[in-house]
Amino acid sequence: MQLILHFQSQPVLAKQSLCFSYPFVKTKTSLPSNLFAPKSPIFTIPLSRYHQIQTHNPILCARKNKRRNGSQRLTRLLLQLMPAIVSNFKILPQPLDLVVEEFCSGDGSGGRKSLLLFLLYGVLVICGLGLLFGGDVESNVLFCGLGFGLSGVAMVQWLDKIGIFAIFFGGVLLSRLVDFCTNSEARDLGYAKKVFQQISQPSVYIWNSMIRGYSNSENPVESLIMYREMLQRGYLPDNFTFPFVLKSCSVIADYRYGKCVHNCIVKTGYGLEVYGSTCLLRMYASCADMESALKVFDIIPKWNVVAWTSLISGFVNNSRAIEAIKVFKDMELHNVQPNEITMVHVVVACARSRDIDTGKLVHSRIRQLGFDPFGSSFNFNVVLATALLDMGSVQQMAQKNLVTWNSMISAYNQYGWAEEAIDLFSDMRIAGFVPDQTTFLGVIGACAQLGALAFGRSLHSYVSKTSMCKDTTIGTALVDMYAKIGDAGSARRIFENLQKKDVMAWTSMIICLATHGHGMEALHIFRKMQEDASVIPDQITYIGVLSACSHIGLVEEGQRHFASMVNLYGIKPTADHYCCMVDLLSRAGRFDEAMRLLEEMPIQPNVAVWGALLNGCEIHENVDLADQVRRYITEMEPHGSGVYVLLSNIYARAGRWQEVNRVRELMKNRNIAKNLGHSSVEMELLSS
DNA sequence: CTAGGGTTAG
């Protein structure tokens with residue numbers, strides 16, 4: 001079976017034909033199957049801007065055209081095809097010097113025929129046919145076809161120019177090949193590396209291709225290793241090298257390496273290059289050093305949109321949204337026209353700083369600039385739209401992508417509308433979107449809120465069958481979900497199986513144990529966490545630790561942890577921490593200390609803190625203190641019913657019914673209704 | 001062959 005493709009829309013190409021034949025694929029099983037199975041089942045070959053061939057398992061048997069004038073076109077075509085073909089077959093080219101040697105050792109004076117033979121042989125060597133498939137007759141035949149076809153074209157073009165021939169294949173083709181397998185859609189960096197290793201003296205361009213490929217890969221560290229090797233072997237990086245290297249530094253946030261690269265940029269004189277310096281800015285911003293980022297900004301030779309936008313995004317991503325907005329205003333003063341990307345960052349800045357007024361101004365500026373995705377049906381920018389959606393200035397979106405769905409699900413979660421979040425999840429699946437890690441983070445969180453046991457478990461089992469099961473964020477969400485559902489055992493198992501445990505993972509486990517009444521175990525986990533030098537407890541960790549202490553009544557231990565939180569880790573205690581401490585002390589009946597702590601508090605005690613104190617008063621029937629607390633509470637703004645109920649319970653217990661009535665009056669006057677308690681349990685229905 | 005974009009667990 002043979003398929004001949006004619007290119008008809010382009011007059012010159014119309015005369016050309018390429019044969020794509022399939023015979024060996026379907027009938028012969030002797031061929032290694034992976035040979036014909038590239039990453040995607042459909043193989044797309046870009047022929048020109050207007051032509052694309054989509055085919056399964058193509059084998060090229062290029063045929064030389066009879067008419068000479070078409071050959072140049074076909075050569076170019078083949079040049080475009082070669083990387084695709086060679087990389088599809090995972091053929092390793094031979095080192096250039098080896099090829100050159102082949103040519104030089106031939107009889108230079110020979111006639112045309114022997115020259116042709118040499119050329120043919122050269123191409124075969126380059127394709128490394130014997131190297132990979134020597135034993136297989138069918139594939140040899142096949143590759144002979146390939147080799148012959150290629151050489152046929154090459155012969156016409158380069159018949160008398162052996163020197164050029166060598167450069168042509170050594171320089172251009174290998175560059176194209178490396179480019180193709182590092183940066184095309186069907187890239188394969190493992191193969192790229194092998195090809196690269198065949199090149200004895202890679203040009204800077206090829207180095208750059210490799211570094212770029214790795215910088216966009218899963219392991220950007222590889223690009224840094226590549227870069228180091230480049231320097232060690234005495235190659236001089238150029239202005240293209242630095243952006244790629246710096247991108248890797250940014251992605252993995254390697255501050256020290258980034259600074260070394262900065263040094264190198266300065267030394268090689270590319271420090272004042274627009275691209276390079278903008279990348280430097282981003283690198284410092286990614287490494288959370290905004291001060292250096294600002295210094296770099298100052299030396300950027302031209303403050304264009306990208307430079308400004310990078311600075312804005314730096315502030316946004318370092319939780320300095322207000323400064324980001326300031327920079328944006330500055331940019332407007334400098335009369336630099338913002339683009340959609342700029343506005344995305346500014347919108348995020350408004351959302352993060354909860355600055356609704358500026359948010360409205362920004363939205364109208366977006367309209368003014370003509371970027372508003374909701375202003376007209378064309379020019380719909382999903383990213384900007386999602387950012388606006390997240391800021392809350394949009395209710396409905398007609399066009400959604402994965403991130404939009406995720407954003408909506410998490411927004412519903414934050415409003416506490418867990419059921420709606422789950423509904424949205426099923427809508428999204430009906431709409432044909434494949435949920436990703438962020439989606440699951442949201443839906444698992446919704447299950448945690450709802451206590452949706454069965455659905456939560458099904459999510460868990462789904463996730464464990466994917467690569468997400470190793471992910472720390474997913475694991476943490478699951479730990480929290482099981483904790484909230486009441487299944488501390490499952491939470492524990494997931495936690496133990498986590499390969500990497502970060503602060504959040506440890507913290508969620510500690511809080512889980514503390515809330516399930518396993519205070520000792522929670523503290524044990526905390527000690528294990530402290531043994532791990534790679535994690536530093538933060539304020540939320542200490543909420544768990546302190547509440548664990550308070551559950552088991554370890555006052556001194558709690559006080560020690562509180563002190564080390566402040567002195568060792570420099571964490572400023574929040575109202576929640578004081579709440580824990582007051583709870584700890586007043587449960588133990590140590591009211592003097594509790595009151596002293598309250599007086600020393602540098603922040604205003606909130607209702608929860610008073611509530612904790614009242615809780616202790618109830619346990620120890622300390623009505624006098626409760627009286628004092630009542631005075632504070634009545635001075636405060638009206639709030640939830642909790643403290644009033646506590647107060648009235650305390651008075652009731654002491655038999656002070658008048659006071660009970662006064663508290664109830666107070667509640668009535670302040671229009672506070674007692675919250676209805678509710679809980680839900682999911683039950684399995686057993687049949688027969 | 002080069003720089004900047006939305007969602008994200010405790």
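Computed over heavy atoms, backbone and side chain alike; hydrogens, waters and symmetry mates excluded.
Screening residues 497-516 of chain A for side chain to side chain donor-acceptor pair (under 3.5 Å) gives A:Thr507-A:Thr541 as the qualifying pairs, with residues at least two apart or on separate chains. Among pairs with a residue in residues 346-355 of chain A, those fulfilling side chain to side chain donor-acceptor pair (under 3.5 Å) read A:Asp355-A:Thr358, at least two apart in sequence or across chains. Sorted by first and then second residue, the ring pair (Phe, Tyr, Trp, His ring centres under 6.0 Å) pairs involving residues 471-490 of chain A (not counting sequence neighbours) are A:His460-A:Tyr482. Residue pairs meeting the side chain to side chain donor-acceptor pair (under 3.5 Å) criterion with at least one member in residues 323-334 of chain A, sequence neighbours excluded, are A:Arg320-A:Glu323, A:Glu332-A:Arg365.
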N/O donor-acceptor pairs under 3.5 Å from side chains in residues 222-229 of chain A, not counting sequence neighbours:
unit_1	atom_1	unit_2	atom_2	d
A:Ser223	OG	A:Pro220	O	2.9
A:Ser223	OG	A:Ser248	OG	2.5
A:Glu229	OE2	A:Arg233	NH1	3.1

For residues 411-430 of chain A, please give each side-chain donor-acceptor pair under 3.5 Å, one per line with the distance, not counting sequence neighbours.
unit_1	atom_1	unit_2	atom_2	d
A:Asn413	ND2	A:Gly442	O	2.7
A:Ser426	OG	A:Asp423	O	2.8

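Between A:Arg352 and B:dT8 there is no side-chain polar atom (N or O) within less than 4.0 angstrom of OP1 or OP2.
Applying the 3.5 Å distance criterion, the base of B:dA9 shares no donor-acceptor pair with the side chain of A:Asp471.
Distance from the side chain of A:Met504 is smallest for B:dG10 among the nucleotides B:dG6, B:dG4, B:dG10.
With sequence neighbours excluded, no residue forms a side-chain hydrogen bond (donor to acceptor under 3.5 Å, both in side chains) with A:Ser313. Looking at residues two or more places apart in sequence or on another chain, you find a side-chain hydrogen bond (donor to acceptor under 3.5 Å, both in side chains) between A:Asp583 and A:Ser550, A:Arg587. Residues that satisfy the ring-ring contact (aromatic ring centres under 6.0 Å, His included) test with A:Phe315, not counting sequence neighbours, are absent from this structure.
Taken residue by residue, residues 412-445 of chain A places heavy atoms nearer than 4.0 Å to DNA chain B at A:Gln414, A:Thr438, A:Leu441. Within residues 286-301 of chain A, no residue is approached by DNA chain B to less than 4.0 Å at the level of any non-hydrogen atom. Residues from residues 311-336 of chain A that place a heavy atom under 4.0 Å from any atom of DNA chain B: there are none.
Between A:Arg492 and A:Glu496 there is a salt bridge, since at least one side-chain N of the basic residue sits less than 4.0 Å from a carboxylate O of the acidic one.
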